[in-house]
Amino acid sequence: MLAQIAADERIESVCADGTYDTRGCRDAIAERQSIAVIPPRENASHWKKSSAGLAQRNEAIRVHKRLGRIL
């Protein structure tokens, strides 16, 4: 879906459900310098292999573990 938006158009954030908690989706969002608002899956573990979306996803996991999935 991001490909449908011109590359020079700014995207502030992308909201999606846990289905889109994949390396491909998160990397595509990060490469557009956007914030991914995607909850990690219930069994999510930290990514170790470096990628564009790594930092945002690992932070989302830390927050979900600290505050809970409901918030």
Cluster partners of I61, using ILVMFWY side-chain heavy atoms under 4.5 angstrom, listed by chain and number?
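I61 shares its hydrophobic cluster with no other residue.
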ILVMFWY clustering at 4.5 Å (side-chain atoms), partners of I35:
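Joined to I35, directly or through intermediates: V37.
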[X] side chain vs [Y] backbone, donor-acceptor pair below 3.5 Å:
X	Y	answer
S34	V14	no
D27	G53	yes
E59	L54	no

Could you state the interatomic distance from CD1 (I11) to CD (Q33), rounded to the nearest 0.5 Å?
11.0 Å
Enter the distance from R62:CZ to L67:CG here, rounded to the nearest 0.5 Å.
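It comes to 12.5 Å.
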Shortest non-hydrogen contact from R32 to A6?
NH2-O, 2.8 Å
Can you give me the closest heavy-atom contact between A60 and R26, atom names plus distance?
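Between these two residues, the closest heavy atoms are CB-NH2, 4.5 Å.
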Taking side chain as C-beta onward, heavy atoms only, is R23 less than 4.5 Å from R57?
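The answer is no, as the side chains (C-beta and beyond) never meet within the 4.5 Å cut-off.
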Could you tell me which residues satisfy salt bridge (charged side-chain N to carboxylate O under 4.0 Å, His left out) with R10, sequence neighbours excluded, listed by chain and number?
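With sequence neighbours excluded, R10 shows a salt bridge (charged side-chain N to carboxylate O under 4.0 Å, His left out) to E12, given in chain and number order.
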Counterpart residues, side chain to side chain donor-acceptor pair (under 3.5 Å), relative to T22 (two or more places apart):
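So T22 forms no side chain to side chain donor-acceptor pair (under 3.5 Å) with any residue.
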Residues that E31 engages under side chain to side chain donor-acceptor pair (under 3.5 Å), provided they are two or more places apart:
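E31: no side chain to side chain donor-acceptor pair (under 3.5 Å) contacts found.
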Indicate every side-chain donor-acceptor pair of residues 38-48 with a distance under 3.5 Å to a residue at least two apart or in another chain.
unit_1	atom_1	unit_2	atom_2	d
R41	NE	G18	O	3.3
R41	NH2	T19	O	3.2

